[in-house]
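Just so we're on the same page: letters track the sequence lines, and every chain starts at 1. Side chains are part of it too, since the values below use all heavy atoms of this structure and drop only hydrogens, waters and symmetry mates.
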Amino acid sequence: MACAMSQTLSIASWNINSVRFRIDIVERFLRDVQPDILCLQETKVVDRDFPSAMFRQLGYTHQVLHGQPMHHGVAILSRVPMREDKRFDWQDNGEARHVGVELECGFRLDNVYIPAGGEEPDPEVNPKFAQKLAFLDRMTQWSSQLTEPTLLVGDFNVAPLESDVWGHKQLLNVVSHTPVEVAAMDRFQQSHGWVDLGRQFIPEPEQMFTWWSYRARDWKASNRGRRLDHMWASPAVAARAVDHKLFEDCRNWGKPSDHIPILTTFRID
DNA sequence: ATGGCTGGTAGAACCAGA
């Protein structure tokens, strides 16, 4: 429902790993959950080929797309009005990894797809890891100047806390959970006082995952997950959050993404 | 058990994901 007509606003985020290939489960999620806004990452489609019709038919008539051929790509689909604001290039190489909008209910919404960073957690030998750290630094520069209340969602490709991974010791040298990435995320968090909404609702030490590899024989049995997807809010926005959900069932749907959707509901006064 | 699996694009003994 529109901000002005409703007490709440629900915002979901999902790394969909090709929105065209998984259009059926996106539709199923929207019909089941009916979020007001859906932020997608890894849409893997140029804007002219984005499957806009399905979203429009379900009421998501406000669409802000930022795609590119083959890889990456982000999009925001909304039942409430929004105004496209910024497309940051925090990787400084033209890849489609961010889009930001202004919402009528009084805060910004930024949808980001932070680079994975390759295999080797050494910026000297792995340029992708160096790019990931540079991305986080540029994001931190933006964050330190940010004055508007903001909700930042997306695939951060970092699992910062010990209970964000299946095995802290086993993953200390695995990209996504290395101390250098965690330190970069700490600097980012402190640059704006970001509130980690997932952990506001499900505190440590409870394990919390949003991604399970396709490579496991049985993702649920082995349960080697990581919390890579996040919603971080300005303190004023976090104060409005009334509910936070993970949709683990989606990992079992037909042709699943390796990520699950997450959703926060906000009180709108 | 550091293996294996996935989609897009080209038409790969590919790339990227993480």
Checking side-chain polar atoms at under 3.5 Å, does [X] have a donor or acceptor matched by the opposite partner on [Y]?
{"X": "A:Arg267", "Y": "A:Gln7", "answer": "no"}
{"X": "A:Arg108", "Y": "A:Ser234", "answer": "no"}
{"X": "A:Trp212", "Y": "A:Asp258", "answer": "no"}

With heavy atoms under 4.0 Å as the rule, sort [X] into base, sugar-phosphate or nothing.
{"X": "A:Asn173", "answer": "nothing"}
{"X": "A:Val45", "answer": "nothing"}
{"X": "A:Asp49", "answer": "nothing"}
{"X": "A:Glu42", "answer": "sugar-phosphate"}
{"X": "A:Tyr113", "answer": "sugar-phosphate"}
{"X": "A:Arg251", "answer": "nothing"}
{"X": "A:Arg217", "answer": "base"}
{"X": "A:Lys128", "answer": "sugar-phosphate"}

Pairwise [atom1] distance, [M] and [N] [rounded to whole Å]:
{"N": "B:dA18", "M": "B:dA13", "atom1": "C1'", "value": "23 Å"}
{"N": "B:dA10", "M": "B:dG4", "atom1": "C1'", "value": "24 Å"}
{"N": "B:dC15", "M": "B:dG11", "atom1": "C1'", "value": "14 Å"}
{"N": "B:dC5", "M": "B:dT9", "atom1": "P", "value": "23 Å"}
{"N": "B:dA1", "M": "B:dA16", "atom1": "P", "value": "30 Å"}
{"N": "B:dG3", "M": "B:dG8", "atom1": "C1'", "value": "24 Å"}

Margin query: Nearest 0.5 angstrom please: A:Trp14 CH2 to A:His259 NE2, how far?
Written below: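 A:Trp14 atom CH2 to A:His259 atom NE2 measures 11.5 Å (nearest 0.5 Å).
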Note to self: To the nearest 0.5 Å, what is the distance between OG on A:Ser191 and CD on A:Gln145?
What the structure shows: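 Between A:Ser191 OG and A:Gln145 CD, I get 9.5 Å after rounding to 0.5 Å.
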Notebook entry, point to check: Closest nucleotide of DNA chain B for A:His259 versus for A:Pro256: which of these residues is on the 5' side?
Noted result: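 It is A:Pro256, whose closest nucleotide lies nearer the 5' terminus.
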Note to self: By nearest heavy atom, map A:His71 and A:Arg20 onto DNA chain B; which one lands nearer the 5' end?
What the structure shows: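 With A:His71 and A:Arg20 compared, the 5'-side residue is A:Arg20.
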Notebook entry, point to check: Shared ILVMFWY cluster between A:Trp232 and A:Val112, side chains joined below 4.5 angstrom?
Noted result: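 Same hydrophobic cluster.
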Item checked: Shortest non-hydrogen contact between A:Cys39 and A:Leu109, atoms and distance ->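 Minimum heavy-atom contact is SG-CD2, 3.7 Å.
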Next item on the list: Could you let me know what B:dC5 is paired to, Watson-Crick or G-U wobble, both distances under 3.5 Å, or none if it's on its own?
Entry: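 The base-pairing partner of B:dC5, which may sit in any strand shown, is B:dG17.
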Next item on the list: Give me the ring orientation class for A:Trp90 and A:Phe135: parallel if the planes are under 30° apart, tilted from 30 to 60°, perpendicular past 60°.
Entry: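 If you compare the ring of A:Trp90 with that of A:Phe135, the planes turn out perpendicular.
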Check: Since syn is defined as within 90° of 0, does B:dA12 count as syn or as anti?
Finding: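 Syn, which is what one calls it when the glycosidic angle falls within 90° of 0.
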Check: Contact boundaries of DNA chain B with chain A (under 4.0 Å, heavy atoms), 5' to 3'?
Finding: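 The contacted stretch runs from B:dA1 to B:dA18.
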